[in-house]
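See below for the structure under consideration.
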Amino acid sequence: MAERARTSLSPEGPAGTDNGGDERHLPVPHRDDLRRHLPGVEPERQLTDWGRSERIEGIFDNTLGNFFYRYWFRCEVEGIENVPATGGAMLVSNHSGALPPDAAMIGKAVKEEHPHPRPVNITVEHFFKGYPGFSMLIPKLGCVAAHPANVHRLLYDEEQLVLVFPEGRKGTEKLYKNRYRLRRFGRGGFVEAAMRARAPIVPVCVVGAEEAAPIFAHLSPLQKVTGLIYAPLTPTFPHFGLLGMLGYLPAKFHIRFLDPIHFDDEDLHLDKSLVQTVAHDIRAKIQQNLFEMLEERESVWF
Amino acid sequence: MGSSKRVLVTGLSTYWGGRLAQALERDPEIDVIIGVDSENPTRELERTEFVRVGTQHALLRRIVQAAEIDTVVDTRLVVDSATTSSRAAHENNVIGTMNILAACSGPDCNVRKLVFKSSAHFYGTEQDDPAFFTEAMGRPHPPTTLIERDIVEAEAAVNEYAEQNPETTVTLLRCTNVLGPDVRTTHTALFSLPAVPMILGFDPRYQFVHEDDVVGALAHSLRGDLPGVYNVAADGVLALSEVVGLLGKPYLPILPPWGTGLAATLLKRAGLNLPPEMLSQLRFGRGLDNRKLKAMGFQYRYTSRETVIKLAEHLRLAPILRGAREPFTYEREVEDFLRWSPHVRGSVPRGERVPRRAPEPVATPEPQAPPEPEPIAVEEPQAAGPPVEHYDDLEAEEVISLLGSLEASDLEALLEYEREREARAAILTAIEAILSRRAMGSRP
């Protein structure tokens, strides 16, 4: 880390280092100390501090979520035991589809199949925060902006599950002809975040989402007019309007959770080459499993 | 250096300066409180000495030197662009801060602690903000509104001061939006409307802090050493729809998501002022990580949710209490007489004012003041039981509705009783208001 002038106002100043009157002998790192000061839960509230709404999430879960999970995509889940029952963990998945159905289905799978169902925080582009309507709805459903500070707080301080898509927009933008070929995994920021929080990474492979919402082409003039992040040509969009984004084809979903990768040592994230290597390994692992799953699949629809 | 003894409050006539001085007066550890401002104080103060001076650094410096001030608290930052013109705000925030910092630096300076009240507007509000700003995070983007630019500049000046004066403990408090029964901000004005306007399609996250907690945080930073920057924000981040629900009001998504600035200009013509920094909050919202200050031993009395509930209670009572309490006017001669005349006998109630300090003799170290005489005999309040049966089970509003039927002596007993127990501000204010109204009525 860069040498910083130790002025009394610098963030890592003396404020954090000494915690006057602490009875423990070892000096407690400032960050550890702060975990004890997380705000308590107010049982009267229906929203979390992140804006997640139990009520609205429940409504979605019971209607659209159930319908798509059980009857439309008929999700099949393997390796759910790889998702830890306690503590922070990062789920890393491949990503596809115009309005990606994979995120919701992974969240639903943890909720339905896991012996200790836990809420999954889905990281999304901050684009949604600036778009009216989405801005209201997206956080209520348990999505948070993909900011490193948000991921760290969720993983380290609040010890929750975070779902990230390192491919980001490049994954959802890819055309049908490029299906199941993983894009670049960002800059490895997700590995860095997991290492900093010392939280395990659980790679996730989703098969089916590419066929459920295929993109045939991009309509750039329409995108420019509407200000959306992209305007894909799908079987139902744009001719059925924005709701056409939800017009998924009934492909069969297979979701596979792979063995978790643990990072127990401190300060691993400072080693940039290690970060890149791990990111590359995870990408290769997901890619390889995807090809295996595709090989085993006999039909797209059943 | 530990606890402060001789305190200079700049901006005494602002809401925060006055509130802080009142809080410090109750602290026997603090020997001297001196307040400066270019305006007369707006709150009744007992032992704070007021000097009417602006932010001329030469004059301030003389005061600091002469009174051997060890702690300077700067509460004067304008953080709400609806209150003054942008030029006056700039003059106050940037130039004023520079002058005050100049007044407390130099080789022969005794100032060992500087507390600066800043605002969470330092962080701004943007689309790609983190959900919780920590103190270590800078602004992700350069400031977009004038008030934010002023705050960033003022903080930069304080930062520079901290670097140049390593022996001085510099505390910088970034307060989020304040709500409460007493404080007036553009947000309390917004929430006082019969329906709360929102931007269509947006439900921003809002964090608040109660006015008492802000005063508490300022006082807390005088008691101990808190070097560095601290966010002051209550636990819990609410969605605006949740806030409006707690207030029991309908929400009105009348502001269009595109061209919001234009709509705000039209609303300003109609008498509703939505300054630009508020518009961006209404769009994107903001959350702060408040754990650093909590780790330094500060405890918030209210969560964000409770703060909103307190405001809601106040808004329901406001029509009843309106005009019950006369605004305080500062009279130099009277204040001087009360402070310095040898004939003033301690904590004699002034006018109809109920003594604010509890009658038990607090050893208030007032060097110049005459020795405190014995406290005036007040009927033993502790002995008085609740005048109404099941009093403790009653809600504040139910109690207030009963007050009108009580005799003056009962009211006084009730006042003492309430103070001893829960000290609900709404009840105390209501009783005081009724008592003062009766006292006025009985006079010829």
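Numbers restart at 1 for each chain; the letters A, B, ... are given by sequence-line order, proteins then strands.
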For the student: nearest non-hydrogen atoms of [X] and [Y], plus distance:
X        : Y        : answer
B/Arg291 : A/Asp157 : NH1-OD1, 3.0 Å
B/Lys294 : A/His37  : NZ-O, 2.8 Å
B/Asp235 : A/Pro39  : CG-CB, 3.5 Å
B/Phe132 : A/Asn150 : N-OD1, 4.2 Å

Handout entry: Inter-chain contacts: residues 129-141 of chain A against chain B, heavy atoms under 4.5 Å
Key =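 Those residues of residues 129-141 of chain A which have a heavy atom under 4.5 Å from chain B are A/Lys129, A/Gly130, A/Tyr131, A/Pro132, A/Gly133, A/Ser135, A/Met136, A/Lys140.
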
Handout entry: Audit row: B/Val237, A/Trp50, side-chain contact (heavy atoms from CB on, under 4.5 Å) steps and yes/no
Key = CA-CA 7 Å; B/Val237 184; A/Trp50 298 88; over 6 Å; no

Practice task
Check for a donor-acceptor pair, side chain of B/Arg305 on one end and backbone N or O of A/Arg45 on the other, with a separation under 3.5 Å.
Solution key: no

Exercise for the section: Under 4.5 Å, counting heavy-atom pairs only, tell me which of B/Pro204, B/Gly236, B/Gly201 racks up the most with chain A. Expected result: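 Answer, by heavy-atom pair count under 4.5 Å with chain A: B/Gly201.
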
Exercise for the section: Give, as side chain, backbone, both or neither, the part of B/Gln207 having an atom under 4.5 angstrom from any heavy atom of chain A. Expected result: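 The answer is neither part of B/Gln207.
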
Practice task
Select one option (side chain, backbone, both, neither) describing which atoms of B/Thr134 are under 4.5 Å from chain A's heavy atoms.
Solution key: neither

Practice task
Tell me, yes or no, whether the heavy-atom count around A/Glu54 atom CD, taken from other residues, nucleotides or ligands under 6.0 Å, exceeds 12.
Solution key: no

Handout entry: Crowding at CD, A/Glu44 (>12 non-hydrogen neighbours, <6.0 Å)
Key =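 It does: A/Glu44 CD has more than 12 such atoms within range.
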
Handout entry: Straight-line distance of A/Leu34 CG to B/Asn290 CG, nearest 0.5 Å
Key =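 Spacing of CG (A/Leu34) from CG (B/Asn290) equals 10.0 Å.
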
Practice task
State the CG-CZ distance between A/Asp49 and B/Arg205, to the nearest 0.5 angstrom.
Solution key: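 The distance works out to 7.0 Å.
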
Problem - Residues of residues 239-251 of chain B with any heavy atom under 4.5 Å of a heavy atom in chain A - result: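 Within residues 239-251 of chain B, near chain A: B/Ala239, B/Glu242.
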
Exercise for the section: Heavy-atom distances under 4.5 Å only: say whether A/Thr48 touches chain B with side chain, backbone, both or neither. Expected result: backbone

Exercise for the section: Could you tell me which portion of A/His147 (side chain, backbone, both or neither) has an atom closer than 4.5 angstrom to a non-hydrogen atom of chain B? Expected result: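 Side chain only.
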
